[in-house]
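Structure first, commentary second.
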Amino acid sequence: MSDHSRTIIHLDIDCFYAQVEMVKNPALKHQPLGIQQKTIVVTSNYVARQFGIKKCMPIPEAKKLCPDLVLVKGEDLYEYRQVSQQVTDLLSQYSQFVERLGLDENFVDISELVAKRMGDADYSNLEGFVYGDVNSFDCDCGCHERLVIGSVIAQQMRNSVLEKLQLTTCAGIAHNKILAKIVGSLHKPNKQTVIFPNSAPELMISLGNVGKIPWVGHATKELLLSIDITTVAELQNCSKSQLEKVFGKEKAENILNLSFGTDESLVKLKEKPQSYGLEDSGKPLVTEQQVKEKFKEFSKRLLKLLIEDGRVPKVIKVSLRRHNPALPMGDPKETRQCLFNVDLSNETQIVAMAMSLFWKAVDKKQPFKIGVLGLGFSKLVEKPSGKRTLFEFLHGNNADRATKSDKLQESSHSFQTNCQCPPGVDKGVFAELPLEVQQELWDDYKRKEDGLKDAKKAKKSGTLLNFVVRGKMQ
DNA sequence: AAGCCCCAG
DNA sequence: CATTCTGGGGCTT
C-alpha cells in the first residue's frame, strides 16, 4: 500500500484575471467580461462563459457569441502578480510549504496542521464534495480522518481568501499533489472536492485521454501515441518495459505512477520567483530603434519588479522569435543570455546590454523581422545587507540626502586606489561614467562575488535543512 | 554557463 | 486583428 501520510490542498482562484478586474470595478460583476491580450480573450468571467466564451478565443468570435462582451486589457500582469502574491502570503499562514503554479494556483501541504487538529470533535464533519464512493473506503492508516480535517481546513482557507481578498476559489483535497489538483477542478466555481486514496485509479481513468493527466503535455502525449497508448486506462494496463521503449527508466516509472494517481512529489517551500521576464508579440519589429524602444519599456517595468523584490539579478536574458508567416504551432524561440555581474545601474545600461545580446542572435548586416521580443533577469541573489547598492542609490530607494553625499565622499576618497572595470560591463560604457560611480560599480562587483559564495553555501544548508525537517530530499 | 525543450496556467 | 504572457525544470553542450 502506498503512503497516505500527507494532506495536501490545491487551491485554484476562479477565472483569476477576470476576478481581479471585478474587484477593482464591481460594476463589471454582472456583465459578461473578457480579459484581452492582443487579439484574443485569455480568460473571462462566468457570465461570459455562459455565452460560450472560451480561453484564448479570438475577439471577433467572442463578440459574435456575445455582442455585449465587455473587454478589459490585461497584457501587463503587474496587478495580477500582486494579488497572486497576496493569496500565496495568506496561505502561508497555514503552512510553510506553499508552492505556486502560475499566478492562480497554489499547493499547500497542511500535514502538520492536520496532525494538530486530529481528534478535535469540531473537525469531524466533511466539507464540500467527495469524489467516488465513500462507503467502499477501506484504508485504516488514518488518511480518511486526515482528509476530512483537510476538507475543513480547505473551507476555512477559502473563507479567508474570500473575506480578505474578495476572491472565490476552488480547492481539491487529497494525499498527494496530482489528485488534489485534479479533484479540485471537478466542481467549479467556488466549490471544493476531496478524494480518498482508493478512488484514485477510477478518477484517473475518468480523465479519458492521457493528455488530461497533469504534467503530460503535447510531447509526452505524442510519445505515448507512438506506442499506441491514448487513454489513461491503456496507460495503466501497459508494462513498464513498454514505456521504456520511448522514455528513460525514471520518466517511464513516473508516468506509470501518475496514471494511477500515485505522486510522491513534495510541495516545495514557498520561494520568491527565480526570474522575472517580460515579452511582447506586437507588430513585428524591423529597425534597431524599435527594438531599443521595446527594451527600454521592458527595463522600466522590470526595474520596478526588482526594486520590490529586493534581490539583484546575476543574469540578463534576451529572447526572440523571428516573424514567421509559416504554420501556427511551433514556437522556436532563440535566447541569448550572459552574466550580469554588476548591480543594475540605469535603464540605459540595461538597454545597452540587451542590445548587445540581441546582436548576438541577429545579424546586424541583414534585415530582420522580430515577431516576439523578450527581456528577463534571473539568478536573483540577496543584496548584501548594510550598505545600499548602486541600484538603490540611483533610484533614491530608502536614501536620504545626507547618506547619499556621505557615500559619494567616501567613494571619491578611495576610487583611485582600487577600481577597475568589472567583468560583464562594457568597457566603453564604464569609461563614460563619473569616477565615483565607477568606484561604486567595482565595490558592488566585489560584494556580489562574496555574496555568490555565501548563496551557494546557503543553498546547500537549505537542502540539508529540508532533509532534516521533512525526512526526505526535495 | 548557455541554449534549447517540455511543462504549466 | 487569429494561441498571450509569463514562470519552472531538465537535458545537452
Side-chain angles (χ1 to χ4, degrees), chain A residues 10-18 34-43 54-64 71 73-81 84-85 88 99-107 170 177-178 181-182 184-185 211-223 247-248 250-251 254-255 258 265 268 271-284 298 301-302 305 314-321 325 327-341 357 360-361 371-380 423-424 452 474:
Chain A
H10 176 263
L11 196 94
D12 187 335
I13 307 166
D14 298 322
C15 53
F16 180 50
Y17 296 176
I35 306 303
Q36 177 178 7
Q37 282 175 352
K38 293 294 177 297
T39 62
I40 60 174
V41 179
V42 292
T43 190
K54 295 282 192 316
K55 184 181 192 290
C56 287
M57 185 177 271
I59 303 283
E61 197 179 322
K63 278 284 192 182
K64 213 158 76 184
L71 291 171
K73 290 251 193 195
E75 284 155 10
D76 186 340
L77 306 186
Y78 181 78
E79 289 179 295
Y80 305 146
R81 203 173 345 225
S84 171
Q85 192 57 54
T88 299
E99 180 181 345
R100 292 160 59 80
L101 182 58
L103 293 182
D104 63 338
E105 296 183 22
N106 289 274
F107 290 100
C170 285
K177 283 167 68 177
I178 194 172
K181 181 169 164 62
I182 294 170
S185 66
K212 297 277 179 51
I213 302 174
W215 327 129
V216 174
H218 180 70
T220 306
K221 201 170 76 176
E222 288 304 309
L223 286 176
F247 300 103
E250 204 170 319
K251 176 101 177 168
N254 201 253
I255 287 178
L258 289 183
S265 69
K268 291 183 196 135
E271 278 165 0
K272 287 191 192 173
Q274 299 176 21
S275 65
Y276 291 98
L278 298 173
E279 67 178 42
D280 190 353
S281 64
K283 54 183 187 328
F298 289 154
R301 289 165 57 192
L302 285 167
L305 293 172
K314 296 271 311 171
V315 169
I316 179 171
K317 176 165 79 176
V318 162
S319 64
L320 59 91
R321 188 174 73 195
L327 273 168
M329 269 315 268
D331 189 13
K333 274 230 204 72
E334 298 173 67
T335 63
R336 294 294 182 274
Q337 67 183 68
C338 72
L339 286 179
F340 190 62
N341 260 327
L357 288 170
K360 281 174 77 174
V372 182
L373 188 68
L375 181 64
F377 292 108
S378 53
K379 297 273 162 67
L380 296 152
L452 181 64
Q474 291 264 23

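A, B, ... follow the sequence lines: proteins, then strands. Residue 1 opens every chain. Only a predicted model underlies this, so the values are computations on that prediction, with no experimental measurement involved.
- Remark: A/F247 pairs with no residue by the ring pair (Phe, Tyr, Trp, His ring centres under 6.0 Å) rule, at least two apart or across chains.
- Contacts of A/S265 classified as side chain to side chain contact (heavy atoms under 4.5 Å, CB included), with partners at least two apart in sequence or in another chain: A/K177, A/D263.
- Look at CG on A/L357: it is 15 Å from P on B/dA1, rounded to the nearest Å.
- Candidate nucleotides C/dT6, B/dC4, C/dC1 were compared by shortest atom distance to the side chain of A/E334, and B/dC4 ranks first.
- Remark: A/K333 is not in phosphate contact with B/dC5, judged by side-chain N or O atoms under 4.0 Å from OP1 or OP2.
- Between A/I59 atom CD1 and C/dT3 atom C1' there is a gap of 12 Å when expressed in whole angstrom units.
- The A/E279 side chain lies nearest to C/dT6 when the options are C/dT4, C/dT6, C/dA2.
- The ring pair (Phe, Tyr, Trp, His ring centres under 6.0 Å) check on A/F377 picks up A/F340, with sequence neighbours excluded.
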What are the atom names and distances for every N/O pair under 3.5 Å that joins the protein to nucleotides 7-9 of chain B?
{"residue": "B/dC7", "atom": "OP1", "partner": "A/G217", "partner atom": "N", "Å": "3.3"}
{"residue": "B/dC7", "atom": "OP1", "partner": "A/T220", "partner atom": "N", "Å": "2.9"}
{"residue": "B/dC7", "atom": "OP1", "partner": "A/T220", "partner atom": "OG1", "Å": "2.4"}
{"residue": "B/dC7", "atom": "OP2", "partner": "A/H218", "partner atom": "N", "Å": "3.3"}
{"residue": "B/dC7", "atom": "OP2", "partner": "A/A219", "partner atom": "N", "Å": "3.0"}
{"residue": "B/dA8", "atom": "OP1", "partner": "A/W215", "partner atom": "N", "Å": "2.7"}
{"residue": "B/dA8", "atom": "OP1", "partner": "A/V216", "partner atom": "N", "Å": "3.3"}
{"residue": "B/dG9", "atom": "OP1", "partner": "A/K181", "partner atom": "NZ", "Å": "2.7"}
{"residue": "B/dG9", "atom": "O3'", "partner": "A/D104", "partner atom": "OD1", "Å": "2.5"}
{"residue": "B/dG9", "atom": "O3'", "partner": "A/D104", "partner atom": "OD2", "Å": "2.7"}

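- Counting to the nearest Å, the P atom of B/dG3 and the CZ atom of A/R336 are 5 Å from each other.
- A straight line from CD of A/Q337 to P of B/dC5 spans 14 Å, rounded to a whole angstrom.
- Open room surrounds CD on A/E79; 12 or fewer heavy atoms of other groups in view lie less than 6.0 Å from it.
- In this view, A/Y276 satisfies the ring pair (Phe, Tyr, Trp, His ring centres under 6.0 Å) rule with no residue, not counting sequence neighbours.
- Using a 4.0 Å cut-off, some side-chain N or O of A/T335 falls inside it from OP1 or OP2 of B/dC4.
- Between the CZ atom of A/F16 and the P atom of C/dC5 there is a distance of 17 Å, rounded to whole Å.
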Polar atoms only, N or O, under 3.5 Å: list the protein pairs with nucleotides 8-10 of chain C and their distances.
{"residue": "C/dG8", "atom": "OP1", "partner": "A/Q274", "partner atom": "N", "Å": "2.6"}
{"residue": "C/dG8", "atom": "OP2", "partner": "A/S275", "partner atom": "N", "Å": "3.3"}
{"residue": "C/dG8", "atom": "OP2", "partner": "A/S275", "partner atom": "OG", "Å": "2.8"}
{"residue": "C/dG9", "atom": "OP1", "partner": "A/K268", "partner atom": "NZ", "Å": "3.1"}
{"residue": "C/dG9", "atom": "OP2", "partner": "A/Q274", "partner atom": "OE1", "Å": "2.8"}
{"residue": "C/dG9", "atom": "OP2", "partner": "A/Q274", "partner atom": "NE2", "Å": "2.8"}

